[in-house]
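In this text, all values refer to a predicted model and were calculated from it rather than measured experimentally. In what follows, chains are A, B, ... by sequence order, proteins preceding strands, each numbered from 1.
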Amino acid sequence: MFFDYFHCILFKYYTIISKMAKNFTTRKEDYAKWYNELVIKADLAEYSAVRGCMVIKPYGYGIWETMQQTLDRMFKDTGHSNAYFPIFIPKSFFSREAAHVEGFAKECAVVTHYRLKNDENGKGIVVDENAKLEEELIVRPTSETIIWDTYRKWIQSYRDLPLLLNQWANVVRWEMRTRLFLRTTEFLWQEGHTAHATREEAEEETTKMLEVYATFAREFLALPVWKGRKSESEKFAGAVETYCIEALMQDGKALQAGTSHFLGQNFAKAFDVKYLDKENKQQFVWATSWGVSTRLMGALIMAHSDDQGLVLPPKLAPEQVVIVPIYRKEEDFEKVNEKALQIKEELKAKGIRVKYDDRDTYKPGWKFAEYEFKGVPVRIAIGPKDIEKGTVEVARRDTLEKAFYQATDLATKIEHLLENIQQNLYNKAMDFREENTHKADSWEEFKDTIENRGGFVLAHWDGTAETEEKIKQETKATIRLIPLDAKEEKGKCIYSGNESNRRVVFARAY
RNA sequence: CGGGGUGUGGCGCAGCUGGUAGCGCACUUGUAUGGGGUACAAGAGGCCGUUGGUUCGAGUCCAAUCACCCCGACCA
């Protein structure tokens with residue numbers, strides 16, 4: 001009976017979803033505006049006084065915190081520990097690895113002085129020119145250099161390996177254009193940095209962590225992702241190989257949601273990190289680094305939300321259920337309040353994150369709208385009529401459907417409902433991705449698909465950087481990744497007509 | 001750095017050919033309301049981005065300047 005109910009609404013919601021998806025793709029030009037308004041209205045974040053920097057508000061931070069805790073647990077379960085390294089990096093460290101400095105040089109904030117003073121001509125506070133630093137400090141855009149400089153001191157023997165560390169930190173990249181969560185001047189992230197005795201072990205670590213990210217995306221963000229390898233030109237500055245997960249947003253653009261790099265011995269050589277192996281020989285260590293950032297918040301927002309506001313997967317919602325009491329007279333309130341508190345305790349006992357909103361400064365309708373903006377997965381309303389009938393009204397955010405539930409054993413029903421919502425969000429995102437993944441076998445077909453349909457395009461590529469660059473210039477589409485599980489398939493490059501052994505994934509991207 | 005746009009109460013905006021600064025939302029108080037953003041009434045709140053010019057008089061015209069936003073180039 002209970003599950004029959006879900007089956008029937010499943011049908012309804014598919015029609016709603018497909019309409020919604022069309023709605024989004026037909027007004028791509030409004031998408032940025034929709035996104036910005038959503039972030040503000042759902043109370044997630046806003047721009048601060050500092051150019052391109054955002055303030056993450058308590059509600060938005062709550063979601064990030066849940067992501068952090070979940071990922072942190074997954075890192076610990078795979079043998080990693082947390083540590084912390086400085087925010088400043090001496091300029092000389094930064095330039096030790098040639099490709100690395102080349103890749104980041106254009107977007108670095110630099111500290112040149114360490115003191116201010118009162119201006120003698122009354123112009124207020126000015127930089128004290130006498131307090132110029134001998135060597136400038138770079139505000140970290142990523143921490144490889146300072147970490148590898150430290151690892152040199154920590155690693156002597158094969159017994160010190162592997163070294164598996166992660167840090168939760170902020171980094172600064174002075175980008176030209178910013179967007180809330182997707183590309184801000186400062187952002188929060190985690191960066192894992194590991195050192196290994198052998199190439200094989202480091203490569204294994206790289207793919208293992210990519211798998212952790214893909215699992216997190218699937219099970220918590222309710223987001224299906226492609227896993228793959230980056231092309232030469234899209235690689236991380238200083239990496240031998242970059243692996244990534246890519247997700248599809250509702251406007252048909254791809255978003256890189258996480259990266260895992262195999263760094264080879266590049267940083268070990270640049271920072272002289274060696275160990276003595278069992279044969280008493282000096283060897284350079286093998287390295288990886290991997291990270292995800294507050295950009296995941298952007299992915300979460302763009303993947304599931306609709307015109308009514310944010311839609312959160314239950315597993316990441318700071319508040320999974322909100323209870324709204326409805327009453328007119330004081331004596332009604334007492335009964336309703338009693339029932340609501342009882343339900344709250346039942347839900348809490350099941351480990352459900354529940355909020356009882358008994359503020360009498362806002363009306364029920366106002367609260368309904370507010371929790372919809374904020375994407376709370378399930379809303380329970382209780383009024384005098386429910387007290388009489390022994391029911392409650394349950395509304396689910398993903399489908400916007402309402403139903404009356406018998407109040408007996410409510411916690412179990414809600415528990416199932418939350419699981420169901422989590423699964424439905426994933427299914428919906430998966431369906432959307434399937435619908436928006438196309439094959440293209442000719443240049444005309446490719447251009448037409450990128451321009452008019454969007455989404456991922458699977459096409460043959462001759463493997464050269466020149467072709468990749470030309471395609472990018474002519475269509476704005478880039479190679480998002482070379483799929484890990486790609487099947488061998490003979491074909492001709494859509495641009496050059498040269499031989500190709502497998503299809504790669506193209507898309508316009510954030 | 002190129003191309004376009006905007007600066008007016010907390011937010012979103014109107015203010016034409018110069019003549020006493022306005023609207024909506026939000027805020028405060030009161031009364032009635034309360035199952036989808038309640039209604040009415042009364043309030044509080046503004047060097048019109050900055051500087052200079054034209055004028056008897058500038059939010060409005062002119063010049064300079066600063067800031068922000070959008071579209072490119074750069075990027076997670």
Side-chain angles (χ1 to χ4, degrees), chain A residues 28-33 35-37 40-41 46-52 102-108 141-142 170-191 213 230 233-237 239 242-247 253-261 289-299 308-309 324-330 332-333 336 358-374 379-389 391-395 400-402 404 472-473 476 478 480 508-510:
Chain A
K28 270 181 207 165
E29 61 284 357
D30 297 337
Y31 196 75
K33 198 178 170 197
Y35 176 85
N36 273 321
E37 281 177 4
I40 304 290
K41 275 207 307 203
E46 63 192 29
Y47 279 116
S48 71
V50 185
R51 190 213 88 119
E102 172 76 14
F104 285 103
K106 282 182 275 182
E107 52 187 50
C108 286
T142 179
N170 58 338
V171 288
V172 168
R173 295 183 189 175
W174 214 268
E175 304 285 359
M176 290 172 177
R177 287 186 63 202
T178 60
R179 283 190 72 185
L180 288 165
F181 288 118
L182 296 176
R183 184 170 294 104
T184 44
T185 302
E186 179 192 22
F187 57 96
L188 306 182
W189 77 347
Q190 61 65 218
E191 45 181 326
Y213 289 153
K230 283 289 189 199
S233 50
E234 296 272 331
K235 250 170 41 179
F236 172 74
T242 288
Y243 297 86
C244 65
I245 54 171
E246 292 275 336
K253 283 169 86 174
L255 182 80
Q256 180 173 309
T259 48
S260 183
H261 313 290
S289 71
W290 28 273
V292 295
S293 71
T294 33
R295 188 176 232 211
L296 287 179
M297 294 286 293
Q308 335 304 322
V324 178
I326 292 158
Y327 55 92
R328 198 177 307 190
K329 291 165 274 178
E330 195 57 32
D332 286 343
F333 175 73
V336 167
D358 61 350
R359 290 176 297 178
D360 63 357
T361 46
Y362 291 96
K363 307 188 46 164
W366 197 93
K367 292 177 188 172
F368 293 170
E370 187 187 24
Y371 292 113
E372 251 156 45
F373 287 154
K374 297 178 93 171
R379 185 187 69 230
I380 298 176
I382 307 170
K385 289 181 211 160
D386 294 304
I387 302 294
E388 279 172 34
K389 290 189 285 185
T391 59
V392 295
E393 188 198 66
V394 176
L400 296 169
E401 297 224 341
K402 291 189 284 194
F404 284 96
K472 184 180 175 182
Q473 279 172 9
K476 289 188 213 154
T478 50
R480 299 321 303 155
R508 285 186 182 157
Y510 278 98

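Separating the CG atom of A:Leu188 from the C1' atom of B:rA76 is a distance of 13 Å, rounded to the nearest angstrom. Distance A:Glu107 CD to B:rA76 P: 7 Å, rounded to the nearest Å. A:Lys235 has its NZ atom 13 Å from the P atom of B:rA76, to the nearest Å. Between the CD atom of A:Gln308 and the P atom of B:rG36 there is a distance of 16 Å, given to the nearest Å. Rounded to an integer number of Å, the gap from A:Gln256 CD to B:rC74 C1' is 15 Å. Rounded to whole Å, atom P of B:rC74 lies 10 Å from atom CD of A:Glu234. Rounded to whole Å, atom P of B:rG35 lies 17 Å from atom CD of A:Glu388.
Within the cation-pi definition used here (under 6.0 Å to the ring centroid, within 45° of the axis), A:Arg179 qualifies as a partner of A:Tyr35. A cation-pi contact, defined as under 6.0 Å to the ring centre and within 45° of the axis, links A:Arg379 to A:Phe368. A cation-pi contact, defined as under 6.0 Å to the ring centre and within 45° of the axis, links A:Lys253 to A:Tyr510.
No more than 12 heavy-atom neighbours from other residues, nucleotides or ligands sit within 6.0 angstrom of CD on A:Glu102.
Proximity of A:Asp386 to A:Phe404: side-chain heavy atoms (C-beta onward) are separated by under 4.5 Å at one or more points. Residues A:Val171 and A:Glu191 form a side-chain contact, since some pair of their non-hydrogen atoms from C-beta on lies under 4.5 Å apart.
The strand RNA chain B forms stems, runs of 3 or more Watson-Crick or G-U wobble pairs with distances below 3.5 Å, at B:1-7 with B:66-72, B:10-13 with B:22-25, B:27-32 with B:38-43, B:49-53 with B:61-65.
Ranking B:rC70, B:rG36, B:rA76 by closeness to the A:Asn36 side chain, first place goes to B:rC70.
A salt bridge does not link A:Lys41 with A:Glu372: none of the charged nitrogens is closer than 4.0 Å to a carboxylate oxygen.
The residue among A:Glu393 and A:Lys472 whose nearest nucleotide of RNA chain B lies closer to the 5′ end is A:Glu393.
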Could you go through nucleotides 25-34 of chain B and list every protein N or O atom that sits under 3.5 Å from one of its N or O atoms, giving the distance for each pair?
residue : atom : partner  : partner atom : Å
B:rU33  : O2   : A:Lys363 : NZ           : 3.0
B:rG34  : OP1  : A:Arg328 : NH1          : 3.4
B:rG34  : OP2  : A:Arg328 : NE           : 3.0
B:rG34  : O2'  : A:Tyr327 : O            : 3.1

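Scanning for ring-ring contact (aromatic ring centres under 6.0 Å, His included) contacts around A:Tyr327 gives A:Phe333, with sequence neighbours left out.
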